[in-house]
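Heavy atoms only: backbone and side chains are in, while hydrogens, waters and symmetry mates are out.
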Amino acid sequence: KAAWKLMGKPIPDDVTSAETMAMQLAVPHVAFYDPSLKADLAAANDNSPFHRSIDTEPKVASLSPKKPTKTKTVVLTRADQSRNIKTFNRFLSLCHEAVSERLEDGKSKISAPNPDDEALVC
């Protein structure tokens with residue numbers, strides 16, 4: 001939303017509605033909501049095609065003018081996309097530095113070296 005304001009452009013309705021949805025579905029330590037991600041995750045049994053463009057050239061830092069990037073389109077099913085997202089999130093959830101601590105009053109507390117690790121676990 002801030003980016004739209006900085007550009008001096010009107011904020012699109014879908015951005016405003018996504019922000020409202022994010023507030024309604026808020027979870028402690030997590031400040032992210034993407035309607036398309038939610039739809040992709042729900043498509044576990046959907047075998048309709050899902051098109052994704054990917055870069056076919058590696059990104060290399062260079063001082064020369066940028067040349068056009070070659071891309072190709074990969075066709076997956078929506079179920080493939082759902083499985084890929086779940087696998088990615090599983091890897092993220094296993095590769096973190098957060099630890100659970102039991103406090104003297106019996107409550108648990110998550111400690112992490114950075115907010116990202118804490119959000120992954122929470």
For R102, check side chain to side chain contact (heavy atoms under 4.5 Å, CB included) against everything at least two apart and list the hits.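 So R102 forms a side chain to side chain contact (heavy atoms under 4.5 Å, CB included) with S108.
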Checking I85 now: which residues fulfil side chain to side chain contact (heavy atoms under 4.5 Å, CB included) with it, not counting sequence neighbours?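 With neighbours one apart ignored, the set is L37, D40, L41, Q81, N89.
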I110 CD1 to E101 CD distance, which is reported to the nearest 0.5 Å: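 Reported to 0.5 Å precision, the distance equals 8.5 Å.
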Could you give the side-chain donor-acceptor pairs of residues 2-15 under 3.5 Å, partners two or more places apart or in another chain?
none

Polar side-chain atom of D80 near backbone of T77 as donor-acceptor pair, under 3.5 Å: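 Yes, because the side chain of D80 sits within donor-acceptor range (under 3.5 Å) of the backbone of T77.
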If you count heavy atoms of other groups shown closer than 6.0 angstrom to CG of N45, is the number above 12?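 Atom CG in N45 is not packed in, count stays at 12 or less.
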Shortest non-hydrogen contact from A44 to K86?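 Shortest heavy-atom contact: CB-NZ, 3.9 Å.
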Looking at every heavy atom in both R78 and P49, which two are closest together, and how far apart are they?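 That closest heavy-atom pairing would be CG-O, 4.1 Å.
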